[in-house]
Amino acid sequence: MPILEVEAPNAAVDLQFKMEGPAFDRGMPLPLMVDSLGHVQGVLDKSYLGLIGKRRLSREERLRFYLQAQRIEHSSLLADLGVVFTGAQTVLPLFGVLGPSGIWEYAKSAFEFLKFVFEAVRKGERVTYTWNADRSVVHVNTGTQTQVFNGPVFNIGELSLVHYQGLTQVLDASNVTDIRLGEKAHPEIKLALPDRGLFELPTKIEEQPHKIACEILEFDKIERDGRMKVLPSQSIPEADYRFDVIGKQDAASYIEGMLKQQVRVTCLREVAENPVSGEKIYRLQLIDIEA
């Protein structure tokens with residue numbers, strides 16, 4: 001792929017998002033529609049955020065940058081969308097350089113980057129990255145092929161991955177069989193049944209236990225899982241994590257733990273190897289909680 005060049009970054013962008021499959025035979029499933037359109041908005045958001053080096057949009061930016069549905073049809077989910085910038089020239093960083101067309105071009109390139117990387121991983125190939133001196137260009141090598149991408153595409157791809165995971169999770173012969181986003185005649189982003197597991201990250205549970213101090217934020221006594229905050233300066237980095245309780249431990253201990261500001265648990269890390277951002281803790285498997 002050549003280095004990304006945007007000839008008319010401020011040109012208007014009209015997109016069409018289409019999902020087809022048995023899920024739409026008897027009407028429009030609103031949860032599916034809302035969730036899927038949210039991921040489409042997320043793809044554009046992450047393109048913008050990846051370019052300006054932020055993790056989330058401010059309230060002001062959200063008021064001025066969004067997708068607008070001009071038409072939605074049923075029998076499939078078919079939505080005509082426009083990328084809206086309201087007064088963005090004076091509020092949004094880089095608007096004069098990017099604009100709606102520029103952001104869409106980067107979003108497309110990030111999709112091609114992710115698909116190239118994850119298809120290589122699916123084949124068992126090892127992906128490596130080589131950057132130029134100012135990190136404006138990255139060479140992505142799979143051992144059999146090399147593609148060249150504009151540097152920001154790497155950041156956008158890393159941020160956008162969660163949205164492609166969300167879209168491909170609904171692909172199923174009995175649900176959604178085809179997803180397309182882009183220009184009406186030639187949609188650039190295409191996902192079909194063979195892509196269902198493309199962006200999934202297999203996990204493994206490590207054998208080394210960790211004893212850590214944490215705060216239990218949520219716990220479901222039926223599902224026996226929840227969410228916890230690991231406190232600073234420990235063998236597991238400070239952050240919020242999902243967790244599962246291993247075995248037939250007494251759920252009451254975890255319910256009581258939610259009433260305390262701090263508890264100590266023994267756990268195993270469940271990690272996923274992300275070919276873009278590296279190893280990530282997917283969740284924690286709890287062996288024990290101290291009363």
Side-chain angles (χ1 to χ4, degrees), residues 31-32 35 38-39 42 46 49 55-56 114 117-129 154-155 157-172 175 195-291:
L32 176 60
D35 189 55
H39 285 304
K46 296 310 192 297
L49 291 169
R55 304 299 293 187
R56 57 176 55 87
L114 286 174
V117 169
F118 277 83
E119 284 180 342
V121 171
R122 176 182 275 186
K123 296 174 186 174
E125 297 173 337
R126 182 173 177 269
V127 180
T128 58
Y129 306 97
F154 183 95
N155 298 331
E158 181 180 357
L159 293 173
S160 302
L161 177 59
V162 63
H163 299 296
Y164 291 112
Q165 289 171 331
L167 288 171
T168 53
Q169 282 173 1
V170 303
L171 289 168
D172 186 273
N175 191 37
D195 299 311
R196 174 174 167 78
L198 179 59
F199 300 110
E200 291 181 2
L201 302 174
T203 66
K204 64 178 181 179
I205 299 175
E206 297 178 333
E207 297 181 358
Q208 176 66 42
H210 297 258
K211 182 168 285 191
I212 55 173
C214 67
E215 179 183 1
I216 297 180
L217 305 174
E218 301 172 7
F219 179 67
D220 186 322
K221 67 178 182 180
I222 304 300
E223 299 295 331
R224 300 175 64 79
D225 61 11
R227 185 169 62 92
M228 60 190 281
K229 178 179 180 60
V230 172
L231 301 179
S233 304
Q234 301 186 88
S235 59
I236 293 177
E238 177 185 6
D240 287 6
Y241 299 96
R242 302 300 304 181
F243 70 82
D244 288 331
V245 174
I246 296 177
K248 298 181 179 181
Q249 300 176 54
D250 186 0
S253 298
Y254 292 92
I255 296 171
E256 292 170 4
M258 286 194 293
L259 303 176
K260 302 177 181 179
Q261 291 186 333
Q262 178 178 322
V263 296
R264 293 190 67 82
V265 300
T266 304
C267 64
L268 301 173
R269 301 195 323 161
E270 182 176 352
V271 298
E273 187 62 37
N274 187 320
V276 179
S277 59
E279 183 185 87
K280 176 183 178 181
I281 299 177
Y282 177 70
R283 73 174 67 221
L284 300 175
Q285 300 289 337
L286 270 56
I287 300 172
D288 182 45
I289 183 171
E290 292 183 8

Can you tell me how far apart NZ (Lys46) and OH (Tyr164) are? Round to the nearest 0.5 Å.
11.0 Å

Is the OH atom of Tyr241 crowded by more than 12 outside heavy atoms at less than 6.0 Å?
yes

Taking the inter-plane angle between the rings of Phe154 and Tyr129 on a 0 to 90° scale, is it parallel (under 30°), tilted (30 to 60°) or perpendicular (over 60°)?
perpendicular

Pairwise distance CD1(Ile281) to OG1(Thr203) - rounded to 0.5 angstrom
12.5 Å

I'd like to know whether Leu201 forms a side-chain contact (heavy atoms from CB on, under 4.5 Å) with Gln165, so could you lay out the CA-CA distance, the side-chain angles of the two residues, the decisive distance to 0.1 Å, and finally the verdict.
CA-CA 9 Å; Leu201 302 174; Gln165 289 171 331; 3.9 Å; yes

Minimum heavy-atom distance between Ser235 and Ile212, given as atom pair plus value
OG-CG2, 4.1 Å

Does some side-chain heavy atom of Cys214 sit less than 4.5 Å from a side-chain heavy atom of Leu284?
no

Distance, nearest 0.5 Å, that separates CG of Asp288 from CZ of Arg264
11.5 Å

Residue pair Arg283 / Gln285: nearest heavy atoms and the distance that separates them:
CD-NE2, 3.6 Å

State which residue, out of Asp195, Val127, Leu161, fulfils the side chain to side chain contact (heavy atoms under 4.5 Å, CB included) condition with Phe118.
Leu161

So NE2 of His39 and OG of Ser160: to nearest 0.5 Å the spacing works out to 12.0 Å

Ignoring hydrogens and angles, tell me if any N or O in the side chain of Arg224 forms a donor-acceptor pair with the backbone of Gly247 under 3.5 Å.
yes

Exercise: identify the closest heavy-atom pair between Arg122 and Gly197:
NH2-C, 3.5 Å

Could you check Glu270 against Ile205 for side-chain contact (heavy atoms from CB on, under 4.5 Å), going step by step and ending with a plain yes or no?
CA-CA 4 Å; Glu270 182 176 352; Ile205 299 175; 3.9 Å; yes

For a quick test of reading the model, state the closest non-hydrogen atom pair linking Met258 to Leu217 and the distance between them.
SD-O, 4.3 Å

So CG of Asp35 and CG of Leu167: to nearest 0.5 Å the spacing works out to 8.0 Å

Please round to the nearest 0.5 Å and tell me the distance separating atom CG of Asp250 and atom CD1 of Ile255.
8.0 Å

So, do Phe219 and Val245 sit near enough that their side-chain heavy atoms are less than 4.5 Å apart?
yes

If every non-hydrogen atom of Gln249 is compared with every non-hydrogen atom of Ile289, which pair is closest and at what distance?
OE1-N, 4.3 Å

Less than 4.0 Å between a side-chain N and a carboxylate O, is that true for Lys204 and Glu273?
no

Of the non-hydrogen atoms in Asn175 and Val170, which two are nearest, and what is the gap between them?
ND2-O, 3.0 Å

I'd like to know if Glu218 and Arg242 make a salt bridge, using a cut-off of under 4.0 Å between side-chain N and carboxylate O.
yes

Any side-chain heavy-atom pair from Phe243 and Ile216 closer than 4.5 angstrom?
yes

Lys229 atom NZ, over 12 foreign heavy atoms within 6.0 Å
yes

Taking C-beta and beyond as the side chain, do Val263 and Ser253 meet within less than 4.5 Å on heavy atoms?
no

Pairwise side-chain contact, Val230 with His210, heavy-atom cut-off 4.5 Å (strictly under):
no

With a 4.5 Å heavy-atom cut-off, do Thr266 and Lys211 have their side chains touching?
yes

Mark yes when over 12 heavy atoms from residues, nucleotides or ligands other than Glu279 sit less than 6.0 Å from its CD; otherwise mark no.
yes

